Amino acid sequence: MTESWVNSAERIGVDLHLELSGSGSRRGALAAALREAVRSGRLSPGTRLPPYRALAADLGVARNTVADAYAELVAEGWLTARQGSGTRVAERTRPPGRTERVPKEAPVRPRGPLHDLRQGTPDASAFPRAAWAAAYRRALTDAPAAAFGPGDPQGRIELRTALTEYLARARGVRTDPGRIVICSGFAHALRLLYGESVLRGPLAVESYGLGFHRSLLDRAGVRTMPLTVDQDGACIEELGGPGKVRGVLLTPAHQFPTGGPLHPGRRAAVVDWARARGGIVVEDDYDGEFRYDRKPVGAVQGLDPERVVYVGSVSKSLSPALRLGWMVLPRHLVADVLEAKGEREAWASGPDQLALAEFLRAGAYDRHVRRMRQRYRARRDRLV
Ligand SMILES: Cc1ncc(COP(=O)(O)O)c(C=O)c1O
């Protein structure tokens, strides 16, 4: 039995696996294998077969053997041969039992709510397809060949450099590319920090928060202590209470889900607490760019880069499907996070990182955020 992969990419685009079995002639075996492939539907009507020479080379048979087998199937009506369009599977061949696909009518969907007021989901219909595609094209064109090899766990330098500029300008983050580790989003950052024991609990958390993040911490065996949330955000003074915690996870720009910013006095207080106790503040800046009715608040990280782990992602600004995020780390945590990440980048695609770097560099990220801010503000005003 001979087995071969027939790869005839050049002119026909089909990749065909044929088994030439039996002890009879090669021509007979090939004709039988082709007949079987058409009959079973593996070769569908209209498919262009490989040229004689290509198939002969792949199967290790003479060119005439292929020509004869094709001619036999043409004569039987399985194949058609036309000058200029090669040999194709005849249109009327249909495998038994296979019925014509009738386009179904679109399923009737149960009517959802007229307006989806769930928070935290970006408007997926507004994804900047053209600008993203253009940035991707430029990034791919300019990328060195090494960009398509195994990735650096810290992330592409192009992206870390672009983020350094953007985060300083837009969010008041104090960083340089050496402090930044690219990840796939906030959830990934939490896994790296607590699931891999770079940081340990107990961890204070806002008493309201994203359930998914809480269960991630639970699964990592991290004990959490809830902080009361009032109109000024999390009550930082509770950190000094009984039950010593080593860190605090906050959403200072917009408390999730209540939406209010952390009071300036509390921002200063949490940094003072971290300095005094050697604690770490994990800042979830999930949508810091979006503000509608008040002055923008910068990142808490700007108050002390050595005590705050700042985490952001494109999940709210661009799309949660991209899975691209960044951690800005106190210098002493960089090596531990990289060790937790492993030798190779296994989370964030290198080409995607290059595209985001280019998107940021070209100002397309800023333009998109500005546009979305206006759109969301109009919706908010309408709702209010
Ligand atoms: C509170 C909060 N933090 C962070 C995120 C972003 O998560 P990720 O970057 O893993 O997509 C979300 C998204 O739903 C969120 O609600």
Side-chain angles (χ1 to χ4, degrees), residues 116-124 126-127 132 155 159-160 163 166-167 170-171 173 180-196 198-199 203-220 222 224 226-227 229 233-234 247-262 270 280-291 297 299-301 308-329 337 340-341 345-349 352-353 355-356 359-360 365 368-369 372 376 380:
D116 182 353
L117 300 180
R118 276 174 304 179
Q119 70 188 129
T121 325
D123 182 347
F127 183 80
W132 181 254
L159 179 54
R160 289 185 284 122
L163 282 170
Y166 171 76
L167 292 174
R171 303 294 305 126
V173 170
I180 298 181
V181 174
I182 301 301
C183 56
S184 76
F186 186 79
H188 182 208
L190 214 50
R191 279 198 180 98
L192 287 170
L193 292 170
Y194 287 96
E196 300 288 337
V198 170
L199 296 175
L203 175 70
V205 295
E206 294 158 333
S207 51
Y208 312 114
L210 196 63
F212 172 56
H213 293 161
R214 296 296 151 80
S215 51
L216 210 147
L217 291 167
D218 278 353
R219 282 203 299 279
V222 177
T224 53
L227 296 177
V229 172
V248 54
L249 168 57
L250 296 174
T251 49
H254 297 130
Q255 202 286 323
F256 184 90
T258 59
L262 188 63
V270 76
I280 285 287
V281 181
V282 179
E283 178 170 21
D284 177 1
D285 197 33
Y286 63 100
D287 74 343
E289 290 103 339
F290 292 109
R291 45 188 189 256
V297 239
V300 171
Q301 190 267 6
V308 181
V309 172
Y310 172 91
V311 187
S313 78
V314 300
S315 292
K316 305 292 184 191
S317 53
L318 271 173
S319 159
L322 290 178
R323 304 315 307 148
L324 275 176
W326 44 87
M327 316 169 74
V328 180
L329 295 162
V337 168
K341 231 180 157 197
E345 174 55 82
W347 295 85
S349 135
D352 285 4
Q353 292 182 48
L356 180 58
F359 198 73
L360 281 159
Y365 192 87
H368 177 66
V369 166
M372 296 313 291
Y376 294 149
R380 174 192 173 282

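Counting starts at 1 for both ligands and their atoms, following the listed order. Since we're looking at a predicted model, the values are computed, not measured.
Of the N or O atoms in G120, none lie within a sub-3.5 Å distance of an N or O in ligand 1. Taking distance alone, with nitrogen or oxygen atoms compared against 3.5 Å, S184 stays at or beyond that limit from ligand 1. Residue Y286 has no nitrogen or oxygen atom sitting less than 3.5 Å from a nitrogen or oxygen atom of ligand 1, judged on distance alone.
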Give the intermediate values and the outcome of side chain to side chain contact (heavy atoms under 4.5 Å, CB included) for residues L159 and L360. CA-CA 8 Å; L159 179 54; L360 281 159; 3.9 Å; yes

Quick one, D284 with F256, criterion side chain to side chain contact (heavy atoms under 4.5 Å, CB included). Give me CA distance, side-chain angles, the key distance, then yes/no. CA-CA 9 Å; D284 177 1; F256 184 90; over 6 Å; no

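Counting heavy atoms from C-beta on, the side chains of R323 and C183 never come closer than 4.5 Å. In this structure, the side chains of L192 and V198 stay at 4.5 Å or more apart for every pair of heavy atoms. Side-chain contact between F186 and L210 is absent, with no heavy atoms from C-beta onward closer than 4.5 Å. Counting heavy atoms from C-beta outward, L250 and E283 have side chains that stay 4.5 Å or more apart.
Looking from atom 7 (O) of ligand 1 to the surrounding protein, the closest heavy atom is F186 CB, 3.8 Å. Among all protein heavy atoms, the one lying closest to atom 14 (O) of ligand 1 is K316 NZ, 3.0 Å. Protein heavy atom closest to atom 15 (C) of ligand 1, with residue, atom name and distance, is L210 CD2, 3.7 Å.
In the displayed structure, Y208 atom OH is contacted under 6.0 Å by at most 12 heavy atoms of other residues, nucleotides or ligands.
Contacts with ligand 1 closer than 4.0 Å are made by no heavy atom of H188, backbone or side chain.
Counting only non-hydrogen atoms, the option in S313, P320, G325, S315 that gets closest to atom 11 (O) of ligand 1 is S315.
Close approach to G185 involves these atoms of ligand 1, each under 4.0 Å from a residue heavy atom: 9 (O), 10 (O). Atom numbering of ligand 1 starts at 1 in the shown order; those under 4.0 Å from a heavy atom of F256 are 1 (C), 16 (O). Atoms of ligand 1 found under 4.0 Å from any heavy atom of D284 (numbered from 1 in listed order, with element): 1 (C), 2 (C), 3 (N), 4 (C). Numbered from 1 in the order shown, with element, the atoms of ligand 1 that lie under 4.0 Å from a heavy atom of H213 read 2 (C), 3 (N), 4 (C).
Here the two rings, on Y365 and Y166, have centers that are under 6.0 Å apart.
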